[in-house]
Every structure is written in C-alpha cells, then in structure tokens.
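For this chain, numbers begin at 1 and follow the sequence in order. No hydrogens, no waters, no symmetry mates; every other heavy atom, side chains included, goes into these values.
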Amino acid sequence: MPSIRRPALAAAALTAALALTATACGPTEDEAAGSDKPSATASQKGDEGLELPKNLPSSLKDLEKWKNGAWKNWDKEQWLREARDFINPIIKGHWKPDTMKDARPGDKTLATQGAPGTAPGASGDQGVTDPEPRPVQAKSVNVPYHNNAAPVGKVFFDSPQGHMVCSATVVKDPAHPGKSNMVWTAGHCVHAGTKGGWYRNIAFVPSYNDKGLPGAQVNSAPVQDVAPYGVWWADWAQTSAQWIKQGAETGGAGAPYDFAVLHVKPEGGSGKSLEETVGNALTVDFSTPQVKSIQSMGAWGYPAAAPFDGQKMYDCIDRPGRLTLDPNEPTMYRIGCTMTGGSSGGGWFAKGPDGKVRLVSNTSIGPANSTWLAGPRLGPEAQGVYNAISGKFANR
C-alpha cells in the first residue's frame, strides 16, 4: 500500500504538543444538543452521586443488581426500551486487563464503502468533495505513551454485542482550568444512533498499554502497565441531537455530527482531576478552519480491527481534504490513513493561528478497505455539547 509524505516539522510539532507537560448520566435529546432545558425525566440521587432516571433502576437494590451483572442479560428489545436514558454506575473491577484486551472495535460507521462525490464549485469548503487521498501508513507512537501522547487513550463500553472499544482524548474544561475531567470521542462510541440508545459501563483509560506490550502479554501484565493512570468512569455523556436522530451503522448517516463529550471520575479516587493526573489536555477548536489553512493534520488512536489488534497506539499525519456526504450538512475533513476500527473517536490535531496544537475533529468514518478516515468539523453544535457538559459540572 503506497505511503504518502509525512511532513517532518509538522509531525514533530503535533507530537510535542501531546507529550507530558511539565505540570502535570447522559442527556435527553434537548440536553444532547447543548440546551439548558431541564431533563424531561426527573432524576434522583443514587449512591456515589449518580443520577438515576425514574424509568430506570431507581432503588439501591436495583442498582446493586445492575452492578452485580444485570447488564450481561441485555437483549435487543430490552436495550431499546431502557437505553433512552443513561445509567453508568461505577462497577469496580469490571474493566480488567483481560476484558480490556478482548474488547472489540465499537465502530458503527467505519463500514461504509465510500461516499458520493460532490461537484466542486461551492464557496469555501461547504459542499465540496476532493479526490480520494492516497493512503497514509499508520505509524506506531513511541512508548511510553504518557511521554509522547499523554491526552490519548481508549474508551471501553458494553453493548448488547459485548465489550467494545473506541479511542478518545482528554480536553480542557473552561470551568476548571488545569483540572479538567472531560474527554472527547465520537458520538457512536457512546450512543448507537437512530436504532439504539446509550451504551453501558462507559470508561476511559488514558495511555492504555503505556509500554506498548504485545497483546499476548497484556492479560498477565500488571494493571499499572495496562492502565497507568487508572480507569475513569463516565458520570455524564453528551452527543449531538443529530447523531441520536440520524446516526446509522453504515453509509455515513449522522457522521457530520458524530462527536461526543464525556465527564469522568476515577474508579479509585486520588483527589486529582484527569488533566492533573495525565499531565496534559488539549484545547478544542470550534472555528472549523478551512482546509486550505491547514498544512498538516494528525489522527491518533488505537486501531483494533485487522491487521491491528487494538493494543498499541498509532497516528496518521496528512494534509486534509474535504468530504461531503450531504450538501445540506457540514463538509467533513478527510485524510489518508490505514487505521481500522477501534480508532473511532480518536482526536484529530492541528496547529491553530497562534501556533498551538488543538483538537479539531475526531475519527468518524472510513471505507471498508481502510485507506482513509473522515471526521466532523466542530462547529456550533459541537460547541453546544461541550459548553453544556462543562456548565453542568462548573460548580462541582
């Protein structure tokens, strides 16, 4: 498979920005879109501060049943009935090295065979599809990951199909400067879209498999090697109303709005925030910079479908192009990349006008032959989701 140029200076700048710095319950559709409207279903407090919607397990007894394995008995119809609301209590020890290792790619939109071309000519980027990029061979990130890509990690979750996995990035929280507990990923890594609901047991592991151990060694590795900064459970998740209403497994429906934000807390509390713990977090750029202004863009993640096994972190760096799935929806960024399923939700990084590296997108879709990836532009809808989840925890 041919490889495309990897701009050395730009790659170095992106990687440096990700290095360890010196200092070191989900919504209704209105809330998902970033609205401040209160939830239509009143909630009550469960143990550990969890908010439990009334139409879900509401007693401590039922919650204990969930913690003790009731989630394992999901079936499709039960899931569709119950997953309209988010419930994600901490289940200590649920995500162990062996369950993390065996989690399958949770990608819902990476099975598309491609996208319809759109004739160039629209002003700016909107409505334009550039020629398909040549594939960029994914490059393994240097270990230890906490020194080279500190904000990057994996999101684990359970669906009716079993243990699943995506990628994600620690991002800054304007309400808590230097002390963020916010994580950016794809919408389809937390919610199944139009034909499903919220996933369960969602947790984030920064710098997963920090030393890049082979898969055969992960099961027996000390937990501190697999999860060096611990397991961080989502106590709130938000995605776009568009993804909830339109998102589909194939074909790219909802992909221009395929983003999500998690607020997390540690399984074993140390008193420190996620940002303080890992030593870095990225600013999110909601200005949707035009393609012509971006010389280099990089995607980071943990590809888990063949020929990868999900145990190591990779990146692809390329000059982005444009992909339009629907002329009435935002045009997406697209780069050449051979990363496969499991990389979904991983952050895309580029330098802003101030020279600082920012998160500008996340992996959403790609073709079945894994030659390119596309990610949404983070405009007002994404900013609404981000601001809503930051605001929700502003005084906590």
Side-chain angles (χ1 to χ4, degrees), residues 25-27 32 53 56-57 65-91 93-96 98-112 153-168 183 185-205 208 231-240 243-255 258-262 264 301-305 309-310 340-346 362-366:
C25 298
L56 284 177
K65 288 181 181 178
W66 182 267
K67 287 185 174 183
N68 290 332
W71 59 271
K72 295 179 181 178
N73 298 321
W74 275 6
D75 60 47
K76 180 76 171 179
E77 294 306 315
Q78 178 186 357
W79 179 56
L80 290 172
R81 288 194 307 271
E82 294 188 351
R84 287 189 297 272
D85 294 288
F86 185 88
I87 179 170
N88 205 55
I90 291 176
I91 304 175
H94 176 73
W95 293 112
K96 303 187 292 282
D98 58 340
T99 51
M100 288 189 281
K101 172 185 173 292
D102 294 335
R104 295 177 293 166
D107 306 274
K108 291 295 184 184
T109 49
L110 282 172
T112 178
K154 295 180 76 167
V155 167
F156 297 92
F157 58 95
D158 285 318
S159 80
Q161 288 74 45
H163 300 318
M164 313 297 280
V165 67
C166 277
S167 301
V183 175
T185 189
H188 72 262
C189 298
V190 300
H191 192 285
T194 186
K195 293 185 178 180
W198 295 99
Y199 295 124
R200 301 290 192 247
N201 303 327
I202 301 173
F204 174 66
V205 177
Y208 170 82
V231 178
W232 296 71
W233 287 73
D235 54 2
W236 195 258
Q238 296 199 211
T239 185
S240 68
W243 173 257
I244 290 174
K245 294 176 181 178
Q246 304 170 20
E249 292 187 4
T250 60
D258 185 15
F259 42 76
V261 181
L262 306 176
V264 298
Y302 285 83
D309 65 1
T340 60
S343 63
S344 266
N362 57 262
T363 296
S364 174
I365 61 172

Student: Could you check Asn88, Leu262, Val264 and say which one makes a side-chain contact (heavy atoms from CB on, under 4.5 Å) with Trp233?
Tutor: Asn88
Student: Once side chain to side chain contact (heavy atoms under 4.5 Å, CB included) is applied, do any residues pair with Thr99, and if so which ones, sequence neighbours excluded?
Tutor: Trp95, Lys96, His163
Student: Could you grab the distance from atom OG of Ser344 to atom CD1 of Ile365, nearest 0.5 Å is fine?
Tutor: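 Output value for this atom pair is 9.5 Å.
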Student: Any idea which heavy atoms bring Phe86 and Ala234 closest together, and the distance?
Tutor: CE2-O, 4.0 Å
Student: Can you list everything that forms a ring-ring contact (aromatic ring centres under 6.0 Å, His included) with Phe204? Sequence neighbours excluded, please.
Tutor: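 ring-ring contact (aromatic ring centres under 6.0 Å, His included) check on Phe204 returns nothing, list empty.
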Student: Does Tyr302 use its side chain to pair, donor to acceptor, with the backbone of Tyr208 at less than 3.5 Å?
Tutor: yes
Student: Could you measure the distance from the NE2 atom of His191 to the OG1 atom of Thr239? Nearest 0.5 Å is fine.
Tutor: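 Reported to 0.5 Å precision, the distance equals 8.0 Å.
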Student: Taking all heavy atoms of Asp158 and all of Tyr199, pick out the closest pair and write down the distance.
Tutor: O-CB, 3.6 Å
Student: Between atom NZ of Lys154 and atom SG of Cys189, what is the distance when rounded to the nearest 0.5 Å?
Tutor: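 Between Lys154 NZ and Cys189 SG, I get 11.5 Å after rounding to 0.5 Å.
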Student: Mind checking the NZ-CG spacing from Lys101 to Asp309? Nearest 0.5 Å is all I need.
Tutor: 7.5 Å
Student: To the nearest 0.5 Å, how far apart are CG in Asn201 and CE in Met164?
Tutor: 13.5 Å
Student: Is the backbone of Asp102 close enough, under 3.5 Å, to the side chain of Arg104 for a donor and an acceptor to pair up by distance?
Tutor: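 Judged by distance alone, no pair lies under 3.5 Å.
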Student: Check whether any side-chain N or O of Thr185 sits under 3.5 Å from a backbone N or O of Ser167 as a donor-acceptor pair, and report yes or no.
Tutor: yes
Student: Can you tell me how far the CH2 atom of Trp243 sits from the OG1 atom of Thr194, to the nearest 0.5 Å?
Tutor: 9.5 Å
Student: Taking all atoms of both residues into account, what is the closest heavy-atom pair of Ala237 and Trp198, and its distance?
Tutor: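 Closest heavy-atom pair between Ala237 and Trp198: O-CH2, 3.7 Å.
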Student: Which atom pair, heavy atoms only, marks the closest approach of Ala305 to Pro105?
Tutor: N-CG, 3.9 Å
Student: Determine the minimum heavy-atom distance between Ala168 and Val183, stating which atoms define it.
Tutor: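 Ala168 and Val183 have their closest heavy atoms at CB-CG1, 3.5 Å.
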Student: List the atom of Ala103, the atom of Phe156, and the distance in Å for their closest heavy-atom pair.
Tutor: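 Answer, listing the atom of Ala103 first, then Phe156: CB-CD2, 3.9 Å.
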Student: Between Asn362 (side chain only) and Asp258 (backbone N and O only), is there a donor and an acceptor less than 3.5 Å apart?
Tutor: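 Side chain of Asn362 to backbone of Asp258, a donor-acceptor pair under 3.5 Å: yes, one is there.
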